[in-house]
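Here the structure comes first, spelled out in structure tokens, and everything after it is commentary.
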Amino acid sequence: MTIGIFDSGMGGLTVLATAQQMMPGENFIYYGDTAYAPYGIQSIEYILERSRFICDLLLEKGVDAIVIACNTATSAAVKILRKEYTIPIIGMEPAIKPAIEKNNGLGIIVMATPLTLKEEKYRNLVNQVMTSQKIYEVPAPDIVTLVESGMAHTFEMEETIKKYFKEIPMESIESIVLGCTHFLFIKNLLKALYPHVELIDGNEGTINQLKRKIRDHQKKMGFSEKGKIEILNSAGEKMILQSEKLLKEYILEYGN
Ligand code: DGL
């Protein structure tokens with residue numbers, strides 16, 4: 001089978017890494033929309049239009065299912081895309097539920113893009129979990145921009161993280177939900193700055209959901225030994241090379 005995965009840019013590469021590890025026999029086509037990133041400060045219409053363009057392109061390339069490896073595009077577009085396309089479309093949302101299940105009574109930070117945090121999908125999710133724990137919502141668009149510019153491991157990144165958490169009593173926090181796929185590139189930096197805090201992301205949950213959705217189809221198609229990966233990017237060849245490099249580095253650093 002061939003699975004299409006897309007994001008506004010580099011963030012979804014972390015989902016690709018997880019997908020490849022959990023489903024090594026499948027083929028993946030990854031589309032990074034760097035020329036149109038970031039999505040998190042754009043309008044719903046803008047993101048919907050880009051998502052449609054990418055889904056059409058992936059369908060033309062013959063994918064059997066699509067993973068929106070982007071919390072922002074999921075909240076802006078997944079409902080509509082599922083009505084418009086017949087193949088399974090798997091989305092992502094900030095992993096608040098797992099964070100609350102593991103919670104020991106201290107505070108939780110949810111970091112995401114401004115759009116994700118203000119949209120109905122996230123608001124519904126928070127209302128559903130109804131917890132007495134304090135949840136701090138941190139819109140952090142500058143982290144996306146720094147990751148896109150290859151600055152995940154820099155002093156500027158460290159300063160940006162500190163700026164976003166300035167008002168939060170970090171000693172009262174026990175977990176940070178990484179509600180944007182770009183933020184997985186800074187896991188080690190966050191761990192170094194706040195060693196007592198657990199980092200929670202939705203990558204594995206998303207790929208488990210993908211596996212459930214395509215199980216029957218997969219049985220019919222059978223498994224191959226090792227799948228292929230193809231990377232595409234709206235900003236051209238240079239960003240494709242940059243994505244391949246980043247994917248390798250991420251797997252080396254975090255082991256998928
Ligand atoms: N990686 C995306 C997410 O998971 C969005 C980043 C952006 O383009 O603002 O939300």
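All ligand and atom numbering here is 1-based and tracks the order in the structure.
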Checklist line | Per-atom contacts of ligand 1 with Ser8, taking only distances under 4.0 Å to non-hydrogen atoms | finding: 5 (C), 6 (C), 7 (C), 8 (O)

Margin query: If we count only N and O atoms by modelled type, under 3.5 Å, do the side chains of Asn71 and Thr116 hold a donor and an acceptor together?
Written below: no

Margin query: To check your reading of the model: name the closest protein heavy atom to atom 5 (C) of ligand 1, its residue, and the distance in Å.
Written below: Thr72 OG1, 3.4 Å

Next item on the list: Considering heavy atoms of the protein only, find what lies nearest to atom 2 (C) of ligand 1 and give residue, atom and distance to 0.1 Å.
Entry: Cys70 SG, 3.2 Å

Notebook entry, point to check: Considering distance alone, does some N or O of Thr116 sit under 3.5 Å from an N or O of ligand 1?
Noted result: no

Notebook entry, point to check: Can you list the ligand 1 atoms lying under 4.0 Å from a non-hydrogen atom of Asp7?
Noted result: 1 (N), 2 (C)

Notebook entry, point to check: With a 4.5 Å limit on heavy-atom distance, are the side chains of Met10 and Phe185 in contact?
Noted result: yes

Notebook entry, point to check: With a 4.0 Å cut-off, would you call Lys162 and Glu158 a salt bridge?
Noted result: yes

Check: Does any N or O atom in Gly40 lie less than 3.5 angstrom from one in ligand 1, N or O only?
Finding: yes

Next item on the list: Consider every N or O of Thr113 and every N or O of ligand 1, then say whether any pair is closer than 3.5 Å.
Entry: no

Next item on the list: Determine, using the 4.5 Å side-chain heavy-atom cutoff (strictly less than), whether Leu193 and Met157 are members of one ILVMFWY cluster.
Entry: yes

Margin query: Only heavy atoms of Cys180, strictly under 4.0 Å: list the atoms of ligand 1 that pass.
Written below: 1 (N), 2 (C), 3 (C), 4 (O), 5 (C), 6 (C), 10 (O)

Check: Would a line drawn from the ring center of Tyr136 to the ring center of Phe165 be shorter than 6.0 Å?
Finding: no

Item checked: Within reach of ligand 1, part of Val144 (heavy-atom separation under 4.0 Å) -> side chain

Note to self: Using side-chain heavy atoms (C-beta onward) and a distance below 4.5 Å, is Pro38 in contact with Glu148?
What the structure shows: no

Next item on the list: Please work out whether any backbone atom (N, CA, C, O) or any side-chain heavy atom from C-beta onward of Ala37 is under 4.0 Å from ligand 1, and answer side chain, backbone, both or neither.
Entry: neither

Margin query: Side chains of Glu249 and His153 only: does a donor on one sit below 3.5 Å from an acceptor on the other?
Written below: no

